Amino acid sequence: MKLLKKSLKLLLKTLLGITTFAILYVVAVLILSRIPVNTDITKPEVGIEIYLLSNGVHTDVVVPVKNQIIDWSEKVQFRHTKAQDTTAKYLAFGWGDKGFYLNTPTWADLKFSTAFNAASGLSTSAMHCTFYKRMKEDKQCKKITITEKQYQQLIAFIQDSFQTENDKIMKIETDAVYGNHDAFYEAKGRYNLFYTCNTWTNSALKAANQKACLWTVYDKGILRHYE
């Protein structure tokens with residue numbers, strides 16, 4: 001009987017702890033994502049156009065494939081994609097959980113093990129790179145004009161997110177691509193409840209000294225600052 005009471009008390013404490021953590025987490029997500037940073041940035045009249053792209057859940061940072069500062073196609077090569085289309089003008093970078101990227105083509109394919117590993121930081125990460133011929137501004141795609149110096153800062157952040165071997169980024173050999181114009185690469189860091197794909201995008205914007213939120217794990221936390 002005493003053992004049963006102790007077990008029930010332990011269960012109740014555990015449930016209370018989990019509930020308290022969940023409430024605090026949600027409150028932090030809602031509040032901290034509304035606190036802006038870099039609000040005093042002046043938009044340059046002439047500069048480099050980048051894009052903040054969302055699919056409703058996940059965000060990418062989109063940059064020109066090539067300009068006077070960097071030719072990304074020398075690193076993320078066209079031949080790494082099925083289409084091998086060299087006419088693409090833009091390249092999107094999206095950091096995320098490797099297991100989720102490669103093993104979950106649709107939400108219906110999501111497994112508990114994949115979600116648990118991602119949330120707990122037990123999995124590794126990957127960079128998803130997608131080529132586009134054009135970008136269209138809308139509620140889910142925001143154009144941002146930045147200076148050359150800010151773009152160089154963004155470049156440094158993106159490059160430092162890749163794992164490299166002999167100074168080359170490491171392509172993941174997989175058929176689990178999303179289309180004909182994308183490829184996956186090994187990335188640094190681990191996805192978890194406090195650092196998600198959208199946290200990475202928010203950090204990229206901070207690195208480029210652009211508007212961002214103090215902290216976020218979801219896409220709308222960033223997008224609201226570009227409405």
Side-chain angles (χ1 to χ4, degrees), residues 50-66 71-119 122-143 154 157-159 161-164 168-192 195-205 216-223:
I50 65 170
Y51 292 84
L52 172 60
L53 178 65
S54 172
N55 65 3
V57 177
H58 167 91
T59 51
D60 286 351
V61 175
V62 187
V63 301
V65 170
K66 181 181 180 180
D71 182 355
W72 284 108
S73 66
E74 292 179 352
K75 300 179 181 293
V76 181
Q77 300 179 26
F78 294 115
R79 65 182 180 85
H80 290 171
T81 68
K82 290 182 178 179
Q84 301 186 24
D85 184 358
T86 60
T87 64
K89 302 297 183 184
Y90 298 94
L91 178 60
F93 293 94
W95 180 94
D97 178 73
K98 184 177 179 180
F100 188 89
Y101 267 144
L102 303 184
N103 302 322
T104 314
T106 67
W107 286 109
D109 298 301
L110 180 61
K111 297 178 181 178
F112 173 79
S113 58
T114 301
F116 179 80
N117 288 338
L122 295 176
S123 183
T124 54
S125 60
M127 188 72 76
H128 183 223
C129 299
T130 309
F131 288 103
Y132 292 94
K133 287 189 176 182
R134 61 188 67 85
M135 301 302 298
K136 181 181 179 181
E137 288 185 86
D138 56 29
K139 291 182 179 180
Q140 301 290 86
C141 183
K142 305 295 184 179
K143 183 170 71 174
L154 178 61
F157 178 86
I158 294 174
Q159 288 183 330
S161 297
F162 283 94
Q163 285 192 42
T164 59
K168 293 183 179 180
I169 61 176
M170 302 163 61
K171 182 178 182 294
I172 299 173
E173 299 300 335
T174 177
D175 292 326
V177 291
Y178 293 177
N180 295 323
H181 303 275
D182 63 316
F184 288 101
Y185 300 85
E186 299 286 358
K188 296 178 182 177
R190 291 182 182 273
Y191 186 106
N192 57 68
Y195 198 94
T196 70
C197 52
N198 300 308
T199 314
W200 180 87
T201 298
N202 193 60
S203 297
L205 292 170
T216 190
V217 295
Y218 71 123
D219 67 323
K220 292 178 180 59
I222 309 170
L223 290 172

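Side-chain atoms are counted along with the backbone in the values below, which use heavy atoms only and exclude waters and symmetry mates. The structure displayed is predicted, hence computed values, not measured ones.
Between W200 and F93, the ring centre distance reaches or exceeds 6.0 Å. Aromatic ring centres of F162 and W95 lie farther apart than the 6.0 Å criterion allows.
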**Check against side-chain contact (heavy atoms from CB on, under 4.5 Å), L205 and I222** = CA-CA 9 Å; L205 292 170; I222 309 170; 3.6 Å; yes

**Request:** Start with the C-alpha gap between S123 and N117, add the side-chain angles, then the distance that decides, and say whether side-chain hydrogen bond (donor to acceptor under 3.5 Å, both in side chains) holds.
**Result:** CA-CA 5 Å; S123 183; N117 288 338; 5.9 Å; no

**Prompt:** Does the pair I172 and K98 meet the rule for a side-chain contact (heavy atoms from CB on, under 4.5 Å), with working shown?
**Reply:** CA-CA 10 Å; I172 299 173; K98 184 177 179 180; 3.9 Å; yes

**Item:** Candidate pair T201 and D60, rule side-chain contact (heavy atoms from CB on, under 4.5 Å), full reasoning
**Value:** CA-CA 7 Å; T201 298; D60 286 351; 5.9 Å; no

**Asked** Passes side-chain contact (heavy atoms from CB on, under 4.5 Å), Y132 versus K89? Steps please.
**Response** CA-CA 6 Å; Y132 292 94; K89 302 297 183 184; over 6 Å; no

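Contact record, C129 with V76: CB-CG1, 3.8 Å, taken as the closest heavy-atom pair. The two atoms that bring A204 and L154 nearest to each other are O-CD1, 3.6 Å, heavy atoms only. Of all heavy-atom pairs between A88 and V65, the closest is O-CG2, 3.7 Å. Considering every non-hydrogen atom in both T216 and G221, the closest pair reads OG1-CA, 3.5 Å. A pairwise comparison of heavy atoms in C141 and M135 identifies SG-CE, 3.8 Å as the closest pair.
Under 4.0 Å is where a charged nitrogen must lie from a carboxylate oxygen, and between E186 and K171 no such pair does.
Ring geometry, Y101 versus H128: the interplanar angle falls from 30° to 60°, so the pair is classed tilted.
The ring-ring contact (aromatic ring centres under 6.0 Å, His included) search around H80 returns Y185, not counting sequence neighbours. Remark: D85 engages K133 in a salt bridge (Lys or Arg N to Asp or Glu O under 4.0 Å) (not counting sequence neighbours). For F131, the ring-ring contact (aromatic ring centres under 6.0 Å, His included) criterion is met by F78, not counting sequence neighbours. Remark: Y90 engages Y51 in a ring-ring contact (aromatic ring centres under 6.0 Å, His included) (not counting sequence neighbours). For the side-chain hydrogen bond (donor to acceptor under 3.5 Å, both in side chains) test, no residue two or more places apart in sequence or in another chain qualifies with E137.
For the pair F100 and Y191, the minimum side-chain heavy-atom distance is 4.5 Å or more.
Looking at H58 and D219, their side chains never bring a donor and an acceptor atom within 3.5 Å of each other. Using modelled atom types, one finds a donor on one side chain and an acceptor on the other under 3.5 Å when comparing T59 with N198.
In this structure, the separation between NZ on K142 and OG on S54 is 10.0 Å, given to the nearest 0.5 Å. Note that the CG atom of L91 and the CD1 atom of I158 stand 8.0 Å from one another [nearest 0.5 Å]. In this structure, CE in M127 is found 13.5 Å from CE in M170, a value given to the nearest 0.5 Å.
Side-chain atoms of T81 do not come within 3.5 Å of backbone N or O of H181 as any donor-acceptor pair. A donor-acceptor contact shorter than 3.5 Å is absent between the side chain of Q163 and the backbone of K188. The backbone N or O of G179 lies less than 3.5 Å from a partner atom in the side chain of D182, making a donor-acceptor pair. A donor-acceptor contact shorter than 3.5 Å links the side chain of N55 to the backbone of V57. The main-chain N or O of R190 is found under 3.5 Å from a side-chain atom of N192 such that the two form a donor-acceptor pair. No side-chain donor-acceptor contact under 3.5 Å links S125 to the backbone of G96.
Residues in residues 75-84 take part in no salt bridge (charged side-chain N to carboxylate O under 4.0 Å, His left out) pair, two or more places apart or across chains.
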